[in-house]
Amino acid sequence: MRTEGAPRPTACPDPLVGRRILVAITGSIAAVKMPLLVSALAKRGAEVRCVVTPSAAALVSPVALASLSRHQCYLDADQWSPQAPRPLHVELAEWAELVLLAPLSATSLGRWVHGLADTLLASTLLATEAPVVAAAAMNTSMWQAPPVQRNWQVLSTFERVLALGPAQGLLACDRQGDGRMAEPEQLLMALESVALWGWQRDWQGLDLVVSAGPTREALDPARFLSNGSTGLMGVLLAQAARLRGASVHLVHGPLQVHPGLLEGLICTPVQTAAQMQAALMAAQGQVDAIAMAAAVADHRRVEPMAHKLSKLALGDLWAEGWEQVPDLLAGLVASRPPGQTILGFAAYSGDGLAAAREKLRHKGCDWLFANPIDQPDAGFGSPGNQGWLLGPGGQEIEMQPASKLAIAHQLLTALRPPQLSQPGP
Ligand code: CTP
């Protein structure tokens, strides 16, 4: 599998290449994670500048940030240089196309929400018109303190801001609870999402169920039948919908994606098609849309072997004792409530468009995304995808090679249920 940080084939452009990204770091211990994130952005071809508060500069080295971003790291002492023709906070605010504010401490949150401009970072935040991805990180009690919660509520009403609340885990203060900064993989994904789509929450108030990853059918206690799906496409579809405001339930088989990419999703992990079917049927209820991105293994043993087979005995297994797994998508279509939109996926190799048209017809879903798995920049584990989205009334939308997150946003735009009033960009 190619990992998230691996170089991308040129046919699948990285949405962060050439973007001017201001990384604003405030005083939380999670600041120690930022140099590697800055390095990841620079390696992906983004132009990066860093600005730190005095407390952040005590936690993480401005020299390291300067070195990894290939540019001076800005401190409060730089703000009013007699050599500068324009105020630095205005220069930085206007330079930035995107701002990553991470970690966001209780103090810096309070400053921003109350319009205070007493540090370089605080005044830059007030002066910028660029979208901001903000990730809070602090001690659990501080996070839960009513003034911080009030400030966070106010922040969530700001335009142009994608606010990522803290995750649960073991904190540096030895507390177990809410307070961890979103994982760097989550922050990179959120930045990429804002670069592609913006901050509009056009799925706000909607419920979406996404299935992702392969299923596994046991042959014996040691072996299983499965496929090469990593689940990345489904996970990114779920995350794109979440960042656009949807409440998302992800039902997934064994994934090969960074666990940080699951943050913020309601997840139900499963192994077999039967477990996936039960979870999907239980979740189907009144949700507005379902996306079946899972690569369901097609066959299973009628009775899996109770004991591990020898390799010779394994050879005899193929002849008999198999059954087809039920078609989960067809079952969801048959039991759907009125108004529910259903998207199927169809992985193909060779020329799959004619087969995809037929698949849309016989599966009975509203939309079908047919994507090749034999192209160099698409398919299982690749950061990119492409294909055809077939939809109601004979619609056929060709999707050019793009990052999986970009494809996810295009799918969500096509799928957006008609009752939604607020269009995106
Ligand atoms: N699917 C499903 N249940 C199955 C097999 C597939 O719900 N048992 C769903 C997949 O999640 C996908 C769609 O059906 O959304 C198409 O999957 P695909 O593997 O392309 O089709 P199959 O139905 O397996 O048909 P075939 O392999 O014969 O082309």
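Residue indices begin at 1 and follow the sequence shown. Bear in mind that the values here come from a model prediction, so they are computed numbers and not experimental data. In listed order, ligands and their atoms are each counted from 1.
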Peer 1: Which atoms from ligand 1 have a heavy atom of Pro326 less than 4.0 Å away?
Peer 2: 3 (N), 4 (C), 8 (N)
Peer 1: Just jot down the ligand 1 atoms closer than 4.0 angstrom to any heavy atom of Leu329, in number order.
Peer 2: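 So the answer, numbered in order with elements, is 2 (C), 7 (O), 9 (C), 13 (C), 14 (O), 15 (O).
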Peer 1: Which one of Val235, Thr268, Leu237 satisfies the side chain to side chain contact (heavy atoms under 4.5 Å, CB included) criterion with Leu250?
Peer 2: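 So, applying the side chain to side chain contact (heavy atoms under 4.5 Å, CB included) to Leu250 and each of Val235, Thr268, Leu237, only Val235 qualifies.
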Peer 1: Short list, please: which atoms of ligand 1 are under 4.0 Å from a heavy atom of Asp327?
Peer 2: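 Contacts of ligand 1 toward Asp327, numbered from 1: 2 (C), 3 (N), 4 (C), 7 (O), 8 (N), 23 (O).
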Peer 1: Please determine whether a side-chain nitrogen of the Lys or Arg among Asp220 and Lys308 lies less than 4.0 Å from a carboxylate oxygen of the Asp or Glu.
Peer 2: no
Peer 1: Looking only at protein heavy atoms, which one is nearest to atom 3 (N) of ligand 1, and what is the separation?
Peer 2: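 Protein heavy atom with the smallest distance to atom 3 (N) of ligand 1: Leu328 N, 3.0 Å.
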Peer 1: Regarding Glu91 and Arg49, does a basic nitrogen lie under 4.0 Å from an acidic carboxylate oxygen?
Peer 2: no
Peer 1: Tell me, which protein residue and heavy-atom name are nearest atom 4 (C) of ligand 1, and how many Å apart are they?
Peer 2: Val296 CB, 3.6 Å
Peer 1: For a quick test of reading the model, state the closest non-hydrogen atom pair linking Ala182 to Leu164 and the distance between them.
Peer 2: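 Scanning both residues completely, I find the closest heavy atoms to be CB-CD1, 4.4 Å.
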Peer 1: Looking at CG of Leu225 and NE2 of His299, how far apart are the two atoms once the value is rounded to the nearest 0.5 Å?
Peer 2: 9.0 Å
Peer 1: Given Gln153 and Arg150, is the side-chain hydrogen bond (donor to acceptor under 3.5 Å, both in side chains) satisfied, shown in steps?
Peer 2: CA-CA 5 Å; Gln153 291 308 319; Arg150 266 198 306 276; over 6 Å; no
Peer 1: May I ask you to decide if the ring planes of Trp197 and His409 are parallel, tilted or perpendicular, using 30° and 60° as cut-offs?
Peer 2: parallel
Peer 1: Heavy atom to atom 20 (O) of ligand 1, shortest distance: which of His299, Lys359, Met276, Arg300 holds it?
Peer 2: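 Going through His299, Lys359, Met276, Arg300 one by one, Lys359 has the nearest heavy atom to atom 20 (O) of ligand 1.
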Peer 1: Quiz question for you: does at least one protein heavy atom lie closer than 4.0 Å to atom 24 (O) of ligand 1?
Peer 2: yes
Peer 1: State whether any protein heavy atom lies less than 4.0 Å from atom 15 (O) of ligand 1.
Peer 2: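 Yes, there is a protein heavy atom closer to it than 4.0 Å.
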Peer 1: Looking only at protein heavy atoms, which one is nearest to atom 22 (P) of ligand 1, and what is the separation?
Peer 2: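 For atom 22 (P) of ligand 1, the nearest protein heavy atom is Lys363 NZ, 3.8 Å.
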Peer 1: Can you tell which part of Gln324 has a heavy atom less than 4.0 Å from ligand 1: side chain, backbone, both or neither?
Peer 2: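 None of Gln324 does.
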Peer 1: Which residue and non-hydrogen atom of the protein lie closest to atom 17 (O) of ligand 1, and at what distance in Å?
Peer 2: Phe345 O, 3.5 Å
Peer 1: Suppose I only count heavy atoms of Val325 and a 4.0 Å limit; which atoms of ligand 1 are within that range?
Peer 2: 8 (N)
Peer 1: Below 4.0 Å, non-hydrogen atoms only: which portion of Leu332 touches ligand 1? Side chain, backbone, both or neither.
Peer 2: neither
Peer 1: In this structure, are over 12 heavy atoms from other groups packed under 6.0 Å from Gln395 atom CD?
Peer 2: yes
Peer 1: Evaluating non-hydrogen atoms only, which member of Ala370, Ala294, Gly344 is closest to atom 10 (C) of ligand 1?
Peer 2: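 Comparing heavy atoms across Ala370, Ala294, Gly344, the nearest one to atom 10 (C) of ligand 1 lies in Ala294.
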Peer 1: Here's one to test your reading of the geometry: is the NZ or CZ of Arg301 within 45 degrees of the ring axis of Trp322 and under 6.0 Å from its centre?
Peer 2: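 Here Arg301 passes the 6.0 Å and 45° test against Trp322.
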